[in-house]
Amino acid sequence: MSVRTYRKGIPSSVSPLFNSTDFDCKCTRPQCTITLIDDNLIEALEELHLLSGGFKINRGYRCVDHNKEVGGKPDSQHLLGKAADCQSTKGYTGHAMARYAEQVEL
């Protein structure tokens, strides 16, 4: 598996459940033009979606500048396209979603 590069703002299917723009950096800097997404992350999120009954992706990839702006760690997995912050569409708390995430086989 690998990390794939997508053009920010240009929708591209990454799986039956997710689109590349779901993972776009939330900044508006003109130099922020790509989105990185790890294939392993997509597989894990697909499994989490089945276990949890559904969620939306709040944040995925972050460019270096945006990561600093939001107080992200310098070695954040968001910078590599290997992390996503999700919110349940079924009303589960963050703790409940974390328990579901622990069940995902990587």
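All residue numbers in this chain count up from 1 along the given sequence. Computed from a predicted model, the values in this text were never measured in an experiment. FYI, side chains are in, hydrogens and waters are out, and symmetry mates aren't considered; it's all heavy atoms of this structure.
- Going from atom CG of Leu41 over to atom CG of Leu36 covers 11.5 Å, rounded to the nearest 0.5 Å.
- Residues Ile34 and Leu79 do not share a hydrophobic cluster, clusters being chains of Ile/Leu/Val/Met/Phe/Trp/Tyr side chains in contact below 4.5 Å.
- With values rounded to the nearest 0.5 angstrom, Asn58 atom CG is found 5.0 Å from Gln87 atom CD.
- Interatomic distance, Phe18 CZ to Phe23 CZ, rounded to the nearest 0.5 Å: 5.5 Å.
- Nearest heavy-atom pair across Leu45 and Ala84 is CD1-CB, 4.1 Å.
- Between the Thr89 side chain and the Lys56 main chain, no donor and acceptor come within less than 3.5 Å of each other.
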*Quick one: do Asp65 and Cys27 satisfy side-chain contact (heavy atoms from CB on, under 4.5 Å)? Show the steps, please.*
CA-CA 9 Å; Asp65 290 335; Cys27 84; over 6 Å; no
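- When side chains are defined from C-beta on, Val3 does not count as touching Leu80, because their heavy atoms never get closer than 4.5 Å.
- Side-chain atoms of Val14 and Asp22, non-hydrogen and from C-beta on, never get closer than 4.5 Å to each other.
- At a threshold of 4.5 Å between non-hydrogen side-chain atoms, the residues Ser52 and Lys90 do not count as touching.
- A donor-acceptor pair under 3.5 Å is formed between the side chain of Asp24 and the backbone N or O of Gly9.
- Cys63 SG to Gln31 CD: the interatomic distance, rounded to the nearest 0.5 Å, is 7.0 Å.
- Partner of Glu69 under the salt bridge (Lys or Arg N to Asp or Glu O under 4.0 Å) criterion, out of Arg29, Arg62, Lys26: Arg29 alone.
- Counting all heavy atoms, side chain and backbone alike, Ser88 lies closest to Tyr92 at OG-N, 3.1 Å.
- With a 4.5 Å cut-off on side-chain heavy atoms, Pro16 and Glu46 count as touching.
- In this structure, OG on Ser76 lies 12.0 Å from NZ on Lys82, to the nearest 0.5 angstrom.
- Across all their heavy atoms, Asp38 and Asn40 have their closest contact at OD1-N, 2.6 Å.
- Counting only heavy atoms from C-beta outward, the side chains of Arg4 and Asp39 approach each other to under 4.5 Å.
- At a threshold of 4.5 Å between side-chain heavy atoms, the hydrophobic network of Ile, Leu, Val, Met, Phe, Trp and Tyr places Ile42 and Ile10 in two separate groups.
- In this structure, Tyr6 has its ring center at least 6.0 angstrom away from the ring center of Tyr61.
- Each of Leu50 and Met97 belongs to its own hydrophobic cluster when Ile, Leu, Val, Met, Phe, Trp and Tyr are linked at side-chain heavy-atom distances under 4.5 angstrom.
- His78 places a side-chain N or O within donor-acceptor distance of the main-chain N or O of Gly60, the cut-off being under 3.5 Å.
- No path of Ile, Leu, Val, Met, Phe, Trp and Tyr side chains, each step under 4.5 Å between heavy atoms, connects Val64 with Val70, placing them in separate hydrophobic clusters.
- Going from atom CG of Leu51 over to atom CD of Glu102 covers 12.0 Å, rounded to the nearest 0.5 Å.
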